[in-house]
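So the structure is just underneath, and the comments pick up after that.
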Amino acid sequence: MTDRVDFCVFSVLVTGSDRGIGLGLVKRFLELPSPPQWVFATTLDLEGEDTKDLKELVCKHQNLVVLQLDVTKLESIQAALNKVQKCVGEGGLTILYNNAGTSAFNNLQTENAKDMMRVYSVNTIGPLQMSQAFLPLLKKAARRNPSQGLSASKAAIINMTSIGGSIEVMAAWNQYQVIGYRCSKAALNMLTKCQSLEYPADGIMSIAIHPGSVKTTHNPIPEISVEESTQGIMTVLSKLCEKDNGTFVDWLGRPIPW
């Protein structure tokens, strides 16, 4: 249960958090015994039907801020960055959780450039651009935390990946091929590894997390609930340390082959 998680962060931003796992993560952060001073949730459309739950949460939690964000558009990222900066000030951003993702159910015969580029734009380029834009705020958070080593309480980039991006495992290949999705997540895993080599000098860790096969509207083979997944992820985040930097794990912290 989340009330057992001993985890304190100053601020967190979760992309794609108006539903599913992203919304679940926002709820878990808000439920912490010592919740973040700032929780930023993002949605493509502030007036969309999917924002209903977020708007209800805003009424109950003064530390929750809902932002419009399209991770594929630099101007949208910059606008969100400006708003986050005004809120957090010199405290910076402790956790950037790149959760926003998309898919196209194409196999090797039907995969096409248009769908593949759209999926890459959200799943791979989006996290890259978000990390680039918010890096100064992550650096601020790391500098203001006196603890030694790396941790999610100091500063972290968390990339929501998938076991579908594991080249060794090739999970559920017979159920669905989703070529563009698999390739985009494999590329996101490489991005995570690159970030994990570059950013520790600034006190920032990077990790790739597979949330499990979660019961959402887009998952053809669900195994666990959003609550189970996000509670597990929170426990994983609370325990992250230097040795976990640049790793690929699931929602229970179990290593996944690249």
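Values in this document were obtained by computation on a predicted structure and should not be read as measured data.
- The side-chain contact (heavy atoms from CB on, under 4.5 Å) test applied to P146 returns no partner, not counting sequence neighbours.
- With sequence neighbours left out, the side-chain hydrogen bond (donor to acceptor under 3.5 Å, both in side chains) criterion links S103 to no other residue.
- Residues meeting the ring-ring contact (aromatic ring centres under 6.0 Å, His included) test with F134, sequence neighbours left out: none.
- Identified under the side-chain hydrogen bond (donor to acceptor under 3.5 Å, both in side chains) test for residues 33-49, with sequence neighbours left out: D18-T43.
- One finds the CD1 atom of I209 at 4.0 Å from the OH atom of Y97 (value rounded to the nearest 0.5 Å).
- Between the side chain of S184 and the backbone N or O of V119, no donor-acceptor pair lies under 3.5 Å.
- For the side-chain hydrogen bond (donor to acceptor under 3.5 Å, both in side chains) condition, the pairs that include at least one residue of residues 53-68, sequence neighbours left out, are Q68-S76.
- Looking only at side-chain heavy atoms (C-beta outward), S151 and C241 stay at 4.5 Å or farther from each other.
- Taking all atoms of both residues into account, the shortest heavy-atom contact from T94 to L138 is O-CD2, 3.8 Å.
- Shown here for V39 and V26, the closest heavy-atom pair between the two residues is CG1-CG1, 4.1 Å.
- Applying the side-chain contact (heavy atoms from CB on, under 4.5 Å) criterion to V169, with sequence neighbours excluded, gives I163, S166, A171, P257.
- Around CG of L197, the count of heavy atoms belonging to other residues, nucleotides or ligands within 6.0 Å exceeds 12.
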In a table with atom names and distances, give each donor-acceptor pair under 3.5 Å that connects a side chain of residues 80-93 to protein atoms at least two apart or in another chain.
| unit_1 | atom_1 | unit_2 | atom_2 | d |
| --- | --- | --- | --- | --- |
| N82 | OD1 | Q78 | NE2 | 2.9 |
| N82 | ND2 | Q78 | O | 3.4 |
| Q85 | NE2 | G89 | O | 3.3 |
| E90 | OE2 | K140 | NZ | 3.2 |

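- Listed by first and then second residue, the side-chain hydrogen bond (donor to acceptor under 3.5 Å, both in side chains) pairs involving residues 247-258 are D250-R254 (not counting sequence neighbours).
- In this structure C194 satisfies the side-chain contact (heavy atoms from CB on, under 4.5 Å) test together with M190, sequence neighbours excluded.
- Identified under the salt bridge (Lys or Arg N to Asp or Glu O under 4.0 Å) test for residues 93-112, with sequence neighbours left out: none.
- Of all heavy-atom pairs between T15 and L69, the closest is CG2-CD2, 3.8 Å.
- Pairs engaging residues 63-76 under the salt bridge (Lys or Arg N to Asp or Glu O under 4.0 Å) rule: D70-K73 [sequence neighbours left out].
- In this structure, the side chain of T51 engages the main chain of L46 through a donor-acceptor pair within 3.5 Å.
- Contacts of N99 classified as side-chain hydrogen bond (donor to acceptor under 3.5 Å, both in side chains), with partners at least two apart in sequence or in another chain: none.
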